[in-house]
Q: 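Here it is: the structure, laid out below.
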Amino acid sequence: MRRILILGSTGSIGRNTIRVIESLPERFQVVGLSAYSDTQTLLRQVDSLRPRYICLVDESSARRAKKSLSSSCYVFSGQKGLIDLIHKSKADTVVLAISGSSALLPLLEVIASRKTVILANKEALVIAGAIIMREIKKRQIRILPVDSEQSAIWQCLEGKNRGQIRKIYLTASGGPFKGYNYRQLKNISVQDVLSHPCWRMGRRITVDSATLMNKGLEIIEAMWLFDLELSQIEVIIHPEAIVHSMVEFHDGIILAQLSITDMRIPIQYALTYPQHLKNTLRPLNFFKLKNIHFQRPNVRMFPCLRLAISAAKQGGTMPCVLNAADEIVVGAFLNNRINFTDIPRVIASVMESHKSISDPSLDEILHTDNWARVRTEEIIRGY
Ligand code: NDP
Ligand code: MG
């Protein structure tokens with residue numbers, strides 16, 4: 001039995017992870033769960049999975065949970081509680097499904113305690129990829145990606161010589177607004193964005209998929225995970241979202257990973273690696289699919305992709321600024337404070353007012369993250 005800790009268990013990835021684990025009860029024991037403030041969902045999960053330890057980062061939510069739980073489940077609270085949970089739960093594998101840059105410090109703690117990391121969160125690698133990969137190498141632990149594109153690349157690279165990669169193709173569904181003109185994009189509502197055609201996900205990643213920022217973040221994520229140059233990564237729009245990404249080798253051979261669009265597939269593979277175990281998901285039906293398409297992304301209409309590429313080129317603290325600005329600006333869009341087309345404009349202004357620090361320390365990254373959030377808020381207030 002593997003002892004699993006799920007950080008961010010109440011989110012979209014967290015809930016899908018639990019569905020996979022419940023379908024393979026003889027293999028996994030859930031020893032800990034965490035959320036930010038969604039007490040109701042977390043308590044329901046405690047009821048069915050019976051972990052010994054949980055954490056609610058929000059203190060008042062933790063107090064509420066304590067009142068409703070028996071003594072057989074210990075409730076940690078706050079950022080420190082999350083770190084205590086990592087140690088006390090004695091998990092051997094941690095699923096990192098916290099959203100945003102808040103995942104960085106818990107991730108570093110998981111690595112320091114030499115547990116296997118199943119990584120869904122992408123922001124931590126975007127903002128501190130060099131530090132994370134250095135620590136992983138130092139502690140000699142495994143990091144197994146869940147993000148469907150990274151899972152695909154990882155699978156295509158199994159047993160291959162990474163020095164023989166010509167390039168990788170990161171596929172993107174293109175979001176719901178591909179083909180829209182500027183006027184149409186300007187009038188997009190929050191509701192339009194939240195109904196993604198292929199994936200059901202958390203709110204920020206759903207908006208990021210519509211602006212193509214998600215693909216931009218994934219470029220940086222892939223550079224760190226697979227030690228690639230920016231010039232080796234090509235984004236390709238593939239609306240059917242069946243090919244999850246591809247690797248092209250020097251001899252012209254291209255390997256791709258295909259499956260239906262369901263996050264339980266890459267989650268299960270990371271949990272059961274290197275095995276391909278039976279599940280109840282419907283198989284891909286090529287005859288129903290009929291056609292699949294590939295197109296070049298339109299960076300003029302979706303400038304977030306261009307901004308992410310520029311941040312990747314500049315390196316240092318610039319990806320951290322990109323991510324922090326995006327997190328704040330997406331929140332402002334979701335609260336109807338700005339238009340969809342303002343998202344890249346605000347991020348570009350924040351990036352312009354930052355001079356990237358190369359090879360930053362953890363403190364410099366945390367400081368930059370904070371600075372970028374404040375700066376983004378200032379700019380949004382001017383809209
Ligand atoms: P959700 O917003 O659905 O869930 C986020 C989870 O993190 C929740 O459990 C939430 O708790 C918790 N959380 C939020 N903020 C904090 C914080 N400050 N400290 C501790 N915990 C916190 O996100 P997703 O599941 O969609 O995404 C999670 C990560 O996985 C993201 O980095 C995303 O980019 C990545 N990813 C997601 C995919 C998807 O299909 N959803 C696909 C590929 C990657 P609470 O519920 O209490 O707020
Ligand atoms: Mg993805």
Side-chain angles (χ1 to χ4, degrees), residues 5-19 32-45 54-62 64-65 76-83 85-86 95-107 109 117-127 145-154 170-175 194 196 198-209 212-222 225 235 238 241 243-245 257 261-267 270 323 326-327 330-331 334 369 373:
L5 166 62
I6 308 170
L7 300 181
S9 65
T10 51
S12 156
I13 292 284
R15 280 179 276 124
N16 272 319
T17 303
I18 290 174
R19 288 166 79 190
L33 298 170
S34 88
Y36 183 75
S37 62
D38 186 351
T39 318
Q40 211 183 0
T41 307
L42 193 66
L43 289 180
R44 257 204 320 273
Q45 294 176 344
I54 62 168
C55 176
L56 278 145
V57 174
D58 179 61
E59 303 277 355
S60 62
S61 306
R64 253 202 324 279
F76 292 105
S77 64
Q79 292 295 343
K80 185 177 172 301
L82 214 46
I83 305 297
L85 172 70
I86 292 167
V95 179
L96 235 131
I98 293 174
S99 55
S101 54
S102 335
L104 175 58
L105 297 180
L107 172 60
E109 197 65 31
V117 183
I118 293 186
L119 186 64
N121 175 280
K122 61 189 80 179
E123 294 88 346
L125 273 175
V126 167
I127 70 176
V146 160
D147 203 351
S148 55
E149 296 75 4
Q150 319 297 351
S151 173
I153 295 162
W154 169 48
L170 271 186
T171 53
S173 74
L194 291 182
H196 191 278
C198 305
W199 301 98
R200 296 247 141 271
M201 310 174 286
R203 284 156 70 87
R204 174 175 175 203
I205 186 173
T206 304
V207 179
D208 282 349
S209 297
L212 290 196
M213 177 59 90
N214 182 49
K215 214 44 55 180
L217 299 177
E218 286 174 359
I219 291 178
I220 304 173
E221 187 187 15
L225 276 176
V235 170
H238 164 46
V243 177
H244 296 296
S245 278
Q257 186 256 321
T261 314
D262 191 313
M263 281 310 292
R264 283 174 289 175
I265 292 181
I267 292 171
N323 175 68
D326 182 64
E327 202 166 310
V330 165
L334 289 170
D369 181 72
R373 283 162 200 275

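Computed from heavy atoms alone, side chains included, the values below leave out hydrogens, waters and symmetry copies. Ligands are counted one by one from 1 in listed order, and the atoms in each one are counted from 1 as well. Remember, it's a predicted structure, so these values are computed and weren't measured experimentally.
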Q: Check whether the side chains of E123 and S101 place a donor and an acceptor atom closer than 3.5 Å, and report yes or no.
A: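 The answer is no; no qualifying pair exists.
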
Q: Tell me whether S148 has any N or O atom under 3.5 angstrom from an N or O of ligand 1.
A: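 Such a contact does not occur with ligand 1.
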
Q: Do we see a donor-acceptor contact under 3.5 Å between the side chains of T206 and D208?
A: no

Q: Decide whether E221 and Q150 meet the rule of one side-chain donor and one side-chain acceptor closer than 3.5 Å.
A: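 Short answer, yes.
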
Q: Of the side chain and backbone of A97, name the one, both, or neither that has a heavy atom under 4.0 Å from an atom of ligand 1.
A: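 The part of A97 near ligand 1 is the backbone, not the side chain.
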
Q: Does G11, backbone or side chain, put an N or O under 3.5 Å from an N or O of ligand 1?
A: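 By distance alone, the answer is yes.
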
Q: Would you call R204-D326 a salt bridge at under 4.0 Å N-O?
A: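 A salt bridge links R204 with D326.
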
Q: Relative to ligand 1, is M263 under 4.0 angstrom through side chain, backbone, both or neither, heavy atoms considered?
A: side chain

Q: Out of all atoms in ligand 1, which are within 4.0 Å of some heavy atom of I205? Include the element for each.
A: 26 (O), 33 (C), 34 (O), 36 (N), 37 (C), 38 (C), 42 (C), 43 (C), 44 (C)

Q: If every non-hydrogen atom of I13 is compared with every non-hydrogen atom of I267, which pair is closest and at what distance?
A: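 Distance-wise, the nearest heavy atoms are O-CD1, 3.9 Å.
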
Q: Does only the side chain of V57 get under 4.0 Å from ligand 1, or the backbone, or both, or neither? Count heavy atoms.
A: side chain

Q: Tell me the nearest of L105, I13, D208 to atom 27 (O) of ligand 1, using heavy-atom distances.
A: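 The option holding the nearest heavy atom is I13.
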
Q: What's the shortest heavy-atom distance between G14 and A97, and which atoms?
A: N-CB, 4.0 Å

Q: Under 3.5 Å, N or O to N or O, is Q79 touching ligand 1 that way?
A: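 Between Q79 and ligand 1 (N or O atoms, distance only) the closest approach is not under 3.5 Å.
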
Q: May I ask you to check if ligand 1 and R203 share an N or O to N or O distance below 3.5 Å?
A: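 R203 vs ligand 1: no N/O contact under 3.5 Å.
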
Q: Give the numbers and elements of all ligand 1 atoms closer than 4.0 Å to a heavy atom of K122.
A: 32 (O), 34 (O), 44 (C)

Q: Identify the heavy atoms of S12 and M201 that sit nearest to each other, and give their distance.
A: OG-CA, 3.6 Å

Q: Tell me yes or no: between the side chains of R64 and S37, is some donor less than 3.5 Å from an acceptor?
A: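 Short answer, no.
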
Q: Can you name the nearest heavy-atom pair linking T10 to R15, along with the distance?
A: O-NE, 2.9 Å

Q: Determine, stepwise, if the pair E149 / K122 fulfils salt bridge (charged side-chain N to carboxylate O under 4.0 Å, His left out).
A: CA-CA 11 Å; E149 296 75 4; K122 61 189 80 179; 5.5 Å; no

Q: Would you say ligand 1 has an N or O under 3.5 Å from any N or O of G202?
A: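 Between G202 and ligand 1 (N or O atoms, distance only) the closest approach is under 3.5 Å.
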
Q: So L107 and L125, do their side chains get closer than 4.5 Å, heavy atoms only?
A: no

Q: Examine T10 against ligand 1 and note whether any of their N/O atoms are separated by less than 3.5 Å.
A: yes

Q: If the cut-off is 4.0 Å to any non-hydrogen atom of D147, which atoms of ligand 1 fall inside it?
A: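 What qualifies from ligand 1 is 43 (C), 44 (C).
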
Q: State whether the shortest distance between N or O atoms of G8 and N or O atoms of ligand 1 falls below 3.5 angstrom.
A: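 Yes, there is a polar N/O contact under 3.5 Å.
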
Q: Minimum heavy-atom separation for T261 to A241, with atom names?
A: OG1-O, 2.9 Å

Q: Give the atom numbers and elements of ligand 1 that come within less than 4.0 Å of a heavy atom of A120.
A: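 The list of qualifying atoms is 30 (O), 35 (C), 36 (N), 44 (C).
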
Q: Any idea which part of R204 is under 4.0 Å from ligand 1, heavy-atom wise: side chain, backbone, both or neither?
A: neither

Q: Quick one: side chain to side chain donor-acceptor pair (under 3.5 Å) partners of Q40, sequence neighbours excluded?
A: none

Q: Closer than 2.8 Å to the Mg ion (ligand 2), what protein N/O/S atoms do you find?
A: D147 OD1, E149 OE1, E218 OE2

Q: Backbone or side chain, does any N or O of R15 fall under 3.5 Å from an N or O of ligand 1?
A: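 There is no such contact.
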
Q: Looking at every non-hydrogen atom in both residues, tell me the closest pair between S99 and N121 and how far apart they are.
A: C-ND2, 3.7 Å

